[in-house]
Amino acid sequence: MGTIAAALQAVRERIAKACAAAGREPGEVMLLAVSKTFPAQAVRAAWLAGQRAFAESYVQEALVKQTELGELAIEWHYIGPLQRNKTRPVAERFAWVHSVDRLELAERLSRQRPPGLPPLQVCVQVNVAAEPSKRGVHPDEALALAWQISRLPALRLRGFMTIPPVSQETEVQRAHFRVLAQLLAQARAQGLELDTLSMGMSQDLEAAIAEGATIVRVGTAIFGTRPAKDKQMAARSA
Ligand SMILES: *Cc1c(COP(=O)(O)O)cnc(C)c1O
């Protein structure tokens, strides 16, 4: 078995174990493979090992990879920063967007979604610890934004996404994920038909699953360590 196939298998086992510990079915948690900075060849290796949903964070890089892998029926998810002037390719080339944190961006995505495609599946990104430098809507504003987005015609709002502060302590990790789970519960109690909590990465997927994650976004544990940020930037502008 190749390195990526073996790593993927190990991640699937972690998910199954975390589900068992939480009294949940493994089928309730979808594994999203985060392939940003890794070449099309790595995506192909994961595909051959049975992985079907992949996530990217940089629009230009994603478009190149999608073209190279055009013959594979991959479900592409966009999880990176959304810029106003780059919403069109995201609306056209992805099935899901996890990083919607402003109504204006959602409106653009809805307008730009090609009519022949199914609605774009979206999550509202929430800054659960209200960290000053981080993207995402403040938890106090998340429900109002969710209601507004739920009315846009070419989008289907599925739930919430977060990237919590890094912590090694399970209890701290879980407290952050719980903020998102409580938002989902409140939204549903208000009548929004949502089913998705996109939370948990390589370091903390167990804590996320314990708090109800339905999508875990895993990069490093499948593909290995990414190059440093400045190398990425250099590679992209080359
Ligand atoms: C890169 C990234 C991930 C994957 O993180 P790992 O720690 O490599 O598993 C998940 N979510 C988002 C939004 C990311 O940008």
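Note that the structure is a prediction, hence the values are computed from the model and not measured. Heavy atoms only: backbone and side chains are in, while hydrogens, waters and symmetry mates are out. Both counts, for ligands and for their atoms, begin at 1 and track the order of listing.
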Under 4.0 Å between a side-chain nitrogen and a carboxylate oxygen: does that hold for Lys65 and Glu61? yes
Considering only protein heavy atoms, which is closest to atom 12 (C) of ligand 1, and at what distance to one decimal place? Ile79 CD1, 3.4 Å
Answer yes or no: does an N/O atom from Gln203 fall short of 3.5 Å to an N/O atom of ligand 1? no
Please determine whether a side-chain nitrogen of the Lys or Arg among Arg158 and Glu193 lies less than 4.0 Å from a carboxylate oxygen of the Asp or Glu. no
Phe94 vs Trp76 aromatic rings, parallel, tilted or perpendicular, using cut-offs 30° and 60°? perpendicular
What protein heavy atom lies closest to atom 8 (O) of ligand 1? Include the residue and the distance to one decimal. Thr220 OG1, 2.5 Å
Report yes or no: does a heavy atom of Ser57 sit under 4.0 Å from some atom of ligand 1? yes
In the protein, which heavy atom is nearest to atom 9 (O) of ligand 1, and how far is it? Ser202 OG, 2.5 Å
Under the 6.0 Å and 45° cation-pi test, does Arg52 pair with Trp47? yes
Atom 13 (C) of ligand 1 [closest protein heavy-atom partner, distance rounded to 0.1 Å]: Ile163 CD1, 3.5 Å
Residue, atom name and distance, where the atom is the protein heavy atom closest to atom 11 (N) of ligand 1: Arg217 NE, 2.9 Å
Is a side-chain N or O of Glu141 found less than 3.5 angstrom from the main chain of Leu143, in a donor-acceptor match? no
When you check the gap from the basic side-chain N to the acidic O, do Arg174 and Glu211 get nearer than 4.0 Å? yes
Would you mind listing which atoms of ligand 1 come within a distance below 4.0 Å of any non-hydrogen atom of Val218? 9 (O)
Ligand 1 to Gly219 polar contact by distance, N or O atoms, under 3.5 Å: yes
Do me a favour and list the nearest non-hydrogen protein atom to atom 10 (C) of ligand 1 with residue, atom name and distance? Met201 SD, 3.1 Å
Residue pair Thr67 / Arg93, side-chain donor-acceptor N/O under 3.5 Å: yes
When you measure from atom 2 (C) of ligand 1 to every protein heavy atom, which one gives the shortest distance, and what is it? Lys36 NZ, 2.5 Å
With a 4.0 Å cut-off on heavy atoms, is His98 in contact with ligand 1? no
Is the shortest side-chain N to carboxylate O distance from Glu104 to Arg84 below 4.0 Å? yes
